[in-house]
Amino acid sequence: MKTVFNHIKGDKTIWAIVAILAIFSFMPVYSASTNLVYVVGSGSTLGYLVKHMVLLIMGFGIIYGVHKIPYRYFSGGSVLMLPIVFVLLIFTMMQGTTIGGANASRWIRIPFVGIGFQTSTLAGLVLMVYVARYLAKNKERPINFKESLLQLWLPVGAILMLILPANFSTTAIIFVMILMVTFIGGYPLKYLGLIVGVGIFMLAFFVLVAKAFPDAMPNRVQTWQSRIENFSDGDNKEAYQVEKAKIAIATGGPIGVGPGKSVQKNFLPQSSSDFIFAIIIEEYGLVGGVIIALIYFLLLFRIFVVIRKTTTIFGTLLVIGVGCPIIFQAIINMAVATNLFPVTGQTLPLISSGGTSIWMTCFALGMILSVSASKQETEEDILDDNPLDILHETI
C-alpha cells in the first residue's frame, strides 16, 4: 500500500475526495439504472454498474497519467488542441447522435468501444487552459483590446457558437467561467462588459435565426423556452422530471428509505445521470444529500489550497479555470434536482453515470494535481514553451 502512495503526487485530500465520490456512486448508479432496464428496456442493472465501474477505473487512470505530466505542457498543448476541438465540434454538429433519449445531438460515437463522447466537455477544458495561457502571457503589459479580440475572444467565440445549438447550458457555464478567469486574471473590466454585451447580442441573434428557420435547428429554442416557462410560471404544470424529482426528495425525509429502495427511480427519466441527486436524497435522506454537498465544498476548499500554494500565475488561473467548473456543475445539478434552477442536463461530477463527464472531470482533476505536485516550475519555463516543441517531445 505504501508503494502505491509513493507513486501518487499532489494534494492527497483531493485524491481521497475523488475516491470517496467514486465509491459512493456505485450504489446510486446501480439502483437508478433500473429505469433504463425496466422502463426503457435496455441492458441490465449489473451491466450498467460494471460499465460505470470500468469508466471510473479508466478515469483514475486518466488522473494518474495526467498528474504525472508537468503542467507547463498544458499551456502549449491547449494551442495544439484548439483546431482539433474545432473540427470535432463541426463533426458533432453534422454527425452527432442522441444518447439515452436526449433531445440534442451532442455526442459522437467512439469507434470500436461504442461509448458516446460529448465533445463540448473537451472543448470547455481546452478553452479554460487556453484562456489561462493568454492571461499569464500578458500579465506584464497592458492588454490591447483589438489584439485580444483576435488572439483570445475569436477562438472562444467560435468554439462557443459551435457548442450553443446543441447545448445551451454547457455554453453558458463555459462562458461564465471564462469571464470569471479573465476577471481574476486582470482583464480590464470595461472590456469585459463589452464582451458580455456581445455575448448577449449573439445569443439573441441565434434565437431569432432559430425561430425564423425552425427546420434548421428543430426543438432547441422551444426546449429552452419551455424549461424556463415551466420553472418561472407558478401556475404552469410542472415538467414531469421535476415533479418526480420533488416526490423523490419529499419521500426521502431526514434519513431516506434505504439504499436501493427508491420508488421514483422507476418513473424519473435520466435518474442515473441528470437527476441522480434526487434518487440519492430519496434513498439516503437529507443527511446523505447534505454530506454529498459538503464533500463538493471540501473539494472547492482544497482547490483554493492548491491555488494558494501555486507559484505561477498560469498555474493559479489553470486551477481556477478547470477546478471551479466541477463545483459549479455539481451545484447546478443539485439545484435542478431540488427545483431551484431550470432543467439543464448537467450531470453530478464523479457520481452520475456517463463516460465523457467522468473522463473530462478526471482530466481536470489530473491537471489540478499536477499543479499541486509541482515545486519547481517558473512562469518563464511555462510561457516560453513552443507548442510545436511540445508536439515534438510528445512524439
- [ ] Return each pair, listed once, that meets side-chain hydrogen bond (donor to acceptor under 3.5 Å, both in side chains) where at least one residue sits in residues 299-309; pairs must be two or more places apart or across chains.
- [x]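 side-chain hydrogen bond (donor to acceptor under 3.5 Å, both in side chains) check on residues 299-309 returns D11-R302.
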Task: Residue pairs fulfilling side-chain hydrogen bond (donor to acceptor under 3.5 Å, both in side chains) with at least one residue in residues 315-328, sequence neighbours excluded - done: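 Pairs touching residues 315-328 that pass the test: none.
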Task: Pairwise distance CG(L348) to CG(L21) - rounded to 0.5 angstrom - done: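 One finds 8.0 Å between CG of L348 and CG of L21.
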Do [X] and [Y] get their side chains close enough for a donor-acceptor pair, meaning under 3.5 Å?
{"X": "T251", "Y": "Q264", "result": "no"}
{"X": "T92", "Y": "T119", "result": "yes"}
{"X": "T312", "Y": "Y71", "result": "yes"}
{"X": "S75", "Y": "R133", "result": "yes"}

Among residues at least two apart in sequence or on other chains, which ones pass ring pair (Phe, Tyr, Trp, His ring centres under 6.0 Å) with [X]?
{"X": "H52", "answer": "none"}
{"X": "F363", "answer": "none"}
{"X": "F297", "answer": "none"}
{"X": "Y284", "answer": "F24"}

- [ ] Applying side chain to side chain contact (heavy atoms under 4.5 Å, CB included) between L299 and each of I368, T13, I14, report the one that passes.
- [x]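 Of the listed options, the one satisfying the test is I14.
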Please tabulate, for side-chain N and O atoms in residues 176-189, each donor-acceptor pair with protein atoms closer than 3.5 Å (sequence neighbours left out).
{"unit_1": "T182", "atom_1": "OG1", "unit_2": "I178", "atom_2": "O", "d": "2.8"}
{"unit_1": "T182", "atom_1": "OG1", "unit_2": "L179", "atom_2": "O", "d": "2.8"}
{"unit_1": "Y187", "atom_1": "OH", "unit_2": "S148", "atom_2": "OG", "d": "2.7"}
{"unit_1": "Y187", "atom_1": "OH", "unit_2": "W153", "atom_2": "NE1", "d": "2.9"}

- [ ] May I ask you to check whether over 12 heavy atoms, not counting those of I255, lie within 6.0 Å of atom CD1?
- [x]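 Count not over threshold, so no.
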Restricting to side-chain contact (heavy atoms from CB on, under 4.5 Å), what partner residues turn up for [X], sequence neighbours left out?
{"X": "V263", "value": "F267, E282"}
{"X": "T347", "value": "S273, D274, Q329, S352, S357"}
{"X": "V50", "value": "L46, V54"}
{"X": "L208", "value": "none"}

- [ ] State yes or no: do V336 and V290 share one hydrophobic cluster built from I, L, V, M, F, W and Y residues joined by side-chain heavy-atom distances below 4.5 Å, directly or via other members?
- [x]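 No, separate clusters.
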TODO: Classify the ring geometry between F205 and F201 as parallel (under 30°), tilted (30 to 60°) or perpendicular (over 60°).
DONE: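 Rings of F205 and F201: parallel, as their planes differ by under 30°.
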Open item on the list: Apply the hydrophobic cluster definition, ILVMFWY joined by side-chain contacts under 4.5 Å directly or through others, and give me every member besides V257.
Closed with: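 None; V257 is a cluster of one.
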